[in-house]
Amino acid sequence: MRQYKKPIRRGALVLSAAVIMGVTGATGANAQSDENTLIVAVSRDLQNVDPTLTSGNINTWEFLTNVYSWLIDYEIVTRDDGTRIGDPNSFVGSLAESFEWNDDGTTVTFHMRDGLKFSNGDPLTAESVKFTFDRLFDQQGVTVGNMALAEVPDKHHIELIDSDTIAIHLDRPNALLFGNMAQAGNSILNPNVVGPHMTDDDPSAHEWLKSDSRGTEQGPYRLESRDPGNQYVLVRNDNYFGEPAHIERIVFQVIPDPSSRLAQLVSGAVDIALELPTIDVPALEQNPDITVHRNTSRSIAYIGMNNEVAPFDNKLVRQAISYAVPYDTIVNDVMNGYAIQLKSPIPLGTPGHADQFFVYSHDLEKAKALLAEAGYADGFSTVFEIPIGSQEAKETAVFLRQSLGEIGIDVQIQELPGAAYFEKIQKHELVFFFTNFWISINNDPFYHVYWKFHHSCCNYANYSNATVDDLIKTHTISTDMEAQNAALQEIQGIILDEAPWVLLYQPQHILAMRSNIKGYVFYSADEFTRYQYLYKE
């Protein structure tokens, strides 16, 4: 196998082993001295905090998950090793104290908790839920796709019974609804706060909600302040219905450079650092002042190619690039072994996963032949777009540029600020790009292929195949398991042949924090930290 030169990681490599191990003894006390404040280093700022119309920005989704609640949530269970997780397949009431299904599984009725309040003290009732879902369907945001997938196609399927009770009617019974609802897109909003911002020019009040949440939160935290580009601060929501958050205030510091986030964590200047390079994980795991939580993940990383834009509208070009990528090098040298190669559009760990259709290996001669067959024997030039602050993206881009250069494709790497990157990806405007943030919150294979490959939904590569669309439509709600499995096999075979993505890897979920931080609960469905459970010893 051809060897590629490891990209130089400026900044992180200058940290000595002694600093990584914390041997210096000079720990910044600013994060450790206050047991009521948690400081978190993040790679990018919030992008768009409208719950029903946000993008895949993980910082934004994690923010929403901590300031909002929804009708139901995942049950917390204890594993054999004593750690706690949010079970992705078991649901309990959240804002709803209880719920029950009718006999044929076409109506679920939710009974609201008594005395619910928004962060500003306004009452939260079933009327608030109805307002939220009416807005959701009128807005036609991305969450509508989730509801429609679960056979709830419009707002008329949401019935307000009284101030304490609301029902959701399904056209056909299915097992998708709860998995689709237990996430921030179903955040219940305060009509007294959001309503006044609804205008003829902005009927959903999106322009206000995309940058503010104050007064409409009902989760364990509320937004206290925001300094765009620098930090945002959450404080404990005293009107939260559940167990109060242990830590009063969370300061999220925007630090785009991963080596700087690492140094801040090791010194004790921050309590938690997100998205650290995997090359630093072994040393962090040996540092007694740091705890590293590692969990199996269904997240996927891939290289997207816009199937509607030349030359990526040519299947042969996409296949050529899939043969040119150095898969083992990326898994071993970028992810440092903290990942497995992704060999199916449906990740390992999701029912229906099959990898027998994956034919791509690092074969430059095969790649050159496919390029010539596509009419690009002399190659072409392109721009590869990645988000600033992701070491994985940067190193993957360097290896990709080296490899594609050997088959005549000249690649210019363009780093985009987080907000610009996620705005472009949300609008399907990226042409050749890296992404590693996707996880299907509902661990259902048809949920996954609908979101990532159905032409009407949210596949950022603008992939469209009528057969795939029809298979998804026909079998998503089917009770014929044999037919479903056959459809999933056919879908995976078609997609791997048409190569709308280069499949890269499934990373482990890694979260590093100071060792005095306790109470972490891993939610495998979305991997977002619920800060309400954390406390300092």
Side-chain angles (χ1 to χ4, degrees), residues 1-9 300-335 339 341-343 345 358-388 390-416 420-421 424-425 428-436 453 459-465 495-505:
M1 175 176 291
R2 188 180 300 272
Q3 296 297 309
Y4 290 93
K5 184 178 179 182
K6 178 78 171 177
I8 296 175
R9 299 176 62 244
I300 56 174
Y302 62 90
I303 293 170
M305 296 170 280
N306 193 318
N307 289 211
E308 295 180 349
V309 178
F312 304 108
D313 58 348
N314 188 320
K315 180 178 78 171
L316 297 176
V317 170
R318 301 193 301 267
Q319 289 177 335
I321 293 173
S322 294
Y323 276 109
V325 171
Y327 298 100
D328 290 345
T329 300
I330 291 172
V331 169
N332 294 328
D333 291 354
V334 175
M335 297 305 296
Q341 186 177 347
L342 181 65
K343 293 187 175 182
F358 189 84
V359 298
Y360 303 103
S361 59
H362 185 52
D363 187 337
L364 296 179
E365 294 307 313
K366 177 74 169 176
K368 289 178 182 177
L370 285 165
L371 271 188
E373 186 180 352
Y376 294 94
D378 296 328
F380 57 86
S381 297
T382 189
V383 176
F384 187 62
E385 294 176 295
I386 64 174
I388 290 175
S390 171
Q391 194 68 31
E392 293 176 24
K394 185 180 297 185
E395 294 187 9
T396 298
V398 171
F399 285 129
L400 180 70
R401 180 175 59 190
Q402 293 174 2
S403 186
L404 294 190
E406 297 193 46
I407 64 171
I409 300 177
D410 178 50
V411 176
Q412 176 188 345
I413 301 170
Q414 181 176 359
E415 292 188 83
L416 298 174
Y421 172 88
K424 290 186 71 173
I425 203 169
H428 298 215
E429 292 177 350
L430 294 180
V431 175
F432 190 39
F433 59 95
F434 171 90
T435 183
N436 65 344
F453 297 103
N459 74 82
Y460 304 126
N462 290 328
Y463 173 70
S464 181
N465 179 284
I495 290 172
L496 281 167
D497 174 64
E498 296 198 332
W501 302 345
V502 176
L503 308 183
L504 292 179
Y505 54 82

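Both backbone and side-chain heavy atoms feed into the values below; hydrogens, waters and symmetry mates do not.
Looking at Ile413, Val502, Leu400, Leu504 one by one, the single match for side chain to side chain contact (heavy atoms under 4.5 Å, CB included) with Phe434 turns out to be Leu504.
Side-chain atoms of Arg401 never come within 3.5 Å of backbone atoms of Val411 as a donor-acceptor pair (strictly under, hydrogens ignored). Between the His362 side chain and the Tyr327 main chain, no donor and acceptor come within less than 3.5 Å of each other.
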Would you mind writing out the side-chain donor-acceptor pairs for residues 375-386 within the sub-3.5 Å range, not counting sequence neighbours?
unit_1 : atom_1 : unit_2 : atom_2 : d
Glu385 : OE2    : Lys424 : NZ     : 2.8

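In this structure Glu392 satisfies the side chain to side chain donor-acceptor pair (under 3.5 Å) test together with Asn436, Tyr505, sequence neighbours excluded. For Asn462, the side chain to side chain donor-acceptor pair (under 3.5 Å) partners two or more places apart in sequence, or in a different chain, are Asn306, His428. Partners of Tyr360 according to the ring pair (Phe, Tyr, Trp, His ring centres under 6.0 Å) rule, which considers only residues two or more places apart in sequence or in another chain, are Tyr323, Phe358. Partners of Asp497 by salt bridge (charged side-chain N to carboxylate O under 4.0 Å, His left out), not counting sequence neighbours, listed by chain and number: Lys315. Partners of Asn465 by side chain to side chain donor-acceptor pair (under 3.5 Å), not counting sequence neighbours, listed by chain and number: Glu498. Applying the salt bridge (charged side-chain N to carboxylate O under 4.0 Å, His left out) test to Lys366 and every residue at least two apart in sequence or in another chain returns nothing. With sequence neighbours left out, Tyr302 forms a ring pair (Phe, Tyr, Trp, His ring centres under 6.0 Å) with Trp501.
Donor-acceptor pairing under 3.5 Å is recorded for the side chains of Gln391 and Glu395.
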